[in-house]
Number of protein chains: 2
Amino acid sequence: MALDHAILVSLLEKPGSGYELARRFERSIGYFWTATHQQIYRVLKRMESDGWIDVRDVPQQGRPDKKEYSVAGPGRDALSAWLGEPIEPESVRHDLAVKIRGAAFDDPAALIGEVERHRRAHTDRLAHYLAGEARDFGEPGRPFDGPPDAERELQHVVLRGGIAYERMMIAWLDDVLATLARFEAGH
Amino acid sequence: MALDHAILVSLLEKPGSGYELARRFERSIGYFWTATHQQIYRVLKRMESDGWIDVRDVPQQGRPDKKEYSVAGPGRDALSAWLGEPIEPESVRHDLAVKIRGAAFDDPAALIGEVERHRRAHTDRLAHYLAGEARDFGEPGRPFDGPPDAERELQHVVLRGGIAYERMMIAWLDDVLATLARFEAGH
DNA sequence: TCCTGCTATGCAACGAGTTGCATAGCAAGG
DNA sequence: CCTTGCTATGCAACTCGTTGCATAGCAGGA
């Protein structure tokens, strides 16, 4: 179970509250891991009582206080141990693929709108990734020729993975649309 | 929740027992949906008591009897209704991406072996898909120019999606390996 | 003033998914 | 004969993930 580890990594990149983590899981981390605030608060509570993370009460003005979490020694060790052990290739769950195969027993053409909707979601996300890449990793921001920064480089390669995934999906959804079009009424 | 619907689609493609379904979920269906025999038996029981599927006891020689399930009217209706309603784009969970970003706080080069292992798993799966494509959708098996068979065409487009996914993953893992190599000891 | 909306945290209940274990018949090999 | 292994089905316990709801302070607009 990697939610623990996803949270640890995020807190190592930058300490923050449960709420802030939930927001990150809607953005950057959300590109490869989803979690609701409920899961996050529950895991934070458990990791704190296990001594994996430290809490610090931060009073704020103009908004409610927050608890800022940061990774403690045991948390770092747990992450390190997890990094060292092999994980299984992810188990896949593509609702849309189920729908496409199921469409053979219904009206295939009726699925076109749904597929187009998904295609839009993927082009939107691709645009979002590309904007993020230009902002955070664009040439202008890197005029110095210092030593490579591991954190930055590794974030970039993960983002490139997201970009490759979205491009692949868009191309495939075009393939799906072309296939569905062949079954349109009258043919 | 689409496990119900994945099972319905599979039973429409071909009626079978819980055990046979479990095997399909290790093969063709498993390319886009995973499920253990426990989940399958549980769902079959519920769908049967809801009248979505019919059972038929099939005595066998040389092996235990089996219960063969097939889709009944209400099951077909339920599938049809589900096909008609929009679904959310899948939520992603990539353990490997978490590990890669986490590696910045450990030894990045130590991840190389793990990434290579995943790369091998993906090349194996790609080879498997391509063999299946050649077997089931190769030119020799389609010398007739009749009307397009929806079931077959849609299975093929889903398989092409799997192939595109594996190719994308292999290319990305090469990118990851090149990135990790830059952090190797001494650099 | 009241309503809406954002930050911030949390409980309780439920449903889905995982893991360990159990049974039972039959085949094949040592 | 005994063990291993495959087909075939299932229970029980547990963990993980989702959903609905609740609280509470403060900001901004109608």
Side-chain angles (χ1 to χ4, degrees), chain A residues 1-7 11 15-27 29-30 32-50 53 55-69 82 87-95 98, chain B residues 1-8 10-11 15-27 29-30 32-50 53 55-69 82 87-95 98:
Chain A
M1 200 256 327
L3 175 55
D4 298 33
H5 307 106
I7 289 176
L11 289 179
S17 69
Y19 189 82
E20 282 164 355
L21 282 169
R23 311 227 67 194
R24 290 185 213 170
F25 275 86
E26 286 168 7
R27 296 188 66 264
I29 322 256
F32 55 91
W33 202 274
T34 53
T36 63
H37 76 276
Q38 280 309 327
Q39 289 175 71
I40 291 165
Y41 283 122
R42 205 195 287 162
V43 170
L44 284 174
K45 183 163 284 188
R46 195 189 65 229
M47 290 201 296
E48 194 215 324
S49 78
D50 289 353
I53 53 178
V55 208
R56 195 169 66 92
D57 263 57
V58 179
Q60 296 182 116
Q61 43 189 359
R63 48 178 75 176
D65 298 355
K66 66 173 181 178
K67 299 185 186 173
E68 195 184 74
Y69 293 93
W82 178 71
I87 48 171
E88 289 308 302
E90 344 72 71
S91 57
V92 190
R93 269 167 201 198
H94 283 295
D95 297 68
V98 177
Chain B
M1 198 258 327
L3 175 55
D4 298 34
H5 307 107
I7 288 175
L8 287 173
S10 191
L11 288 178
S17 68
Y19 188 83
E20 283 163 356
L21 282 169
R23 312 225 66 192
R24 289 186 215 170
F25 276 85
E26 286 167 6
R27 298 187 65 265
I29 322 257
F32 54 92
W33 202 274
T34 52
T36 62
H37 77 276
Q38 281 307 329
Q39 289 176 71
I40 292 166
Y41 283 122
R42 206 196 287 160
V43 170
L44 284 174
K45 183 163 283 186
R46 193 189 66 228
M47 292 203 293
E48 194 215 323
S49 78
D50 288 352
I53 53 179
V55 208
R56 196 169 64 92
D57 263 58
V58 179
Q60 296 183 116
Q61 44 188 357
R63 49 178 77 176
D65 297 355
K66 66 172 180 178
K67 299 186 185 174
E68 194 185 75
Y69 293 93
W82 177 71
I87 48 170
E88 291 308 302
E90 343 74 68
S91 57
V92 190
R93 266 163 206 204
H94 283 294
D95 296 67
V98 177

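Just so it is clear, the values below take in all heavy atoms, side chains as well, and ignore hydrogens, waters and symmetry mates. Fair warning: this is a prediction, and the values are worked out from it, not measured in the lab. Just so it is clear: chains get the letters A, B, ... in the order the sequence lines come, proteins before strands, and each one is counted from 1.
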message: Quick check against the 3.5 Å criterion: does A:Arg93 have a side-chain atom that pairs as donor or acceptor with the backbone of B:Thr34?
response: yes
Closest to the A:Arg93 side chain, choosing from C:dG17, C:dT7, D:dA8: C:dG17
task: List the atom of A:Trp82, the atom of A:Ala2, and the distance in Å for their closest heavy-atom pair.
output: CZ2-CB, 3.8 Å
- line: Rounded to whole Å, the CG-P distance (B:Leu44 to D:dG10) equals 9 Å
- request: Give the rounded distance in Å between these two atoms: CD of B:Gln39 and P of D:dG10.
  value: 16 Å
Atom-pair distance (CD1 on A:Ile40; P on C:dG10), nearest Å: 13 Å
message: So A:Tyr41 and A:Leu21, do their side chains get closer than 4.5 Å, heavy atoms only?
response: no
- line: Shortest non-hydrogen pair, B:Gln60 vs B:Asp65, comes out as N-OD1, 3.5 Å
field: A:Arg46 CZ - C:dG10 C1' separation (whole Å)
entry: 17 Å
Polar atoms only, N or O, under 3.5 Å: list the protein pairs with nucleotides 19-21 of chain C and their distances.
unit_1	atom_1	unit_2	atom_2	d
C:dG20	O6	B:Gln38	NE2	3.3

- prompt: Taking side chain as C-beta onward, heavy atoms only, is A:Phe25 less than 4.5 Å from A:Ile7?
  reply: yes
field: Whole angstrom value for the distance that separates C1' of C:dT9 from CD of A:Glu48
entry: 13 Å
query: Are side-chain heavy atoms of A:His5 and B:Asp95 found at a separation under 4.5 Å?
result: no
- prompt: In whole Å, what is the span from the CG atom of B:Asp65 to the C1' atom of C:dG25?
  reply: 10 Å
query: How many Å lie between NZ on B:Lys67 and C1' on D:dT7, as a whole number?
result: 15 Å
- line: Those residues at least two apart in sequence (or on a different chain) that pass salt bridge (Lys or Arg N to Asp or Glu O under 4.0 Å) with B:Lys66 are B:Glu20
Anything under 3.5 Å between a protein N or O and an N or O of nucleotides 26-29 of chain C, put it in a table, one pair a line.
none

field: Residue closer to the 5' end of DNA chain D, B:Arg23 versus A:Leu3 (nearest nucleotide)
entry: B:Arg23
- request: Run the numbers on A:Glu26 and A:Arg23 for side chain to side chain contact (heavy atoms under 4.5 Å, CB included), then give the verdict.
  value: CA-CA 5 Å; A:Glu26 286 168 7; A:Arg23 311 227 67 194; 4.0 Å; yes
query: How close or far is atom P of D:dG17 from atom OH of A:Tyr41, stated in whole angstroms?
result: 18 Å
query: With sequence neighbours excluded, what pairs up with A:Asp4 under the salt bridge (Lys or Arg N to Asp or Glu O under 4.0 Å) test?
result: A:Arg46
Non-hydrogen side-chain atoms of A:Leu44 and A:Leu11 separated by less than 4.5 Å: yes
- prompt: Between the two end axes of the helix from C:dT1-D:dA30 to C:dG30-D:dC1, each built from 5 base pairs, what angle do you get to the nearest 10°?
  reply: 10°
query: When you check the phosphate oxygens OP1 and OP2 of C:dC11, does a side-chain N or O of A:Lys45 lie under 4.0 Å from one of them?
result: yes
- prompt: Excluding sequence neighbours, so at least two apart, what forms salt bridge (Lys or Arg N to Asp or Glu O under 4.0 Å) with A:Arg56?
  reply: A:Glu68
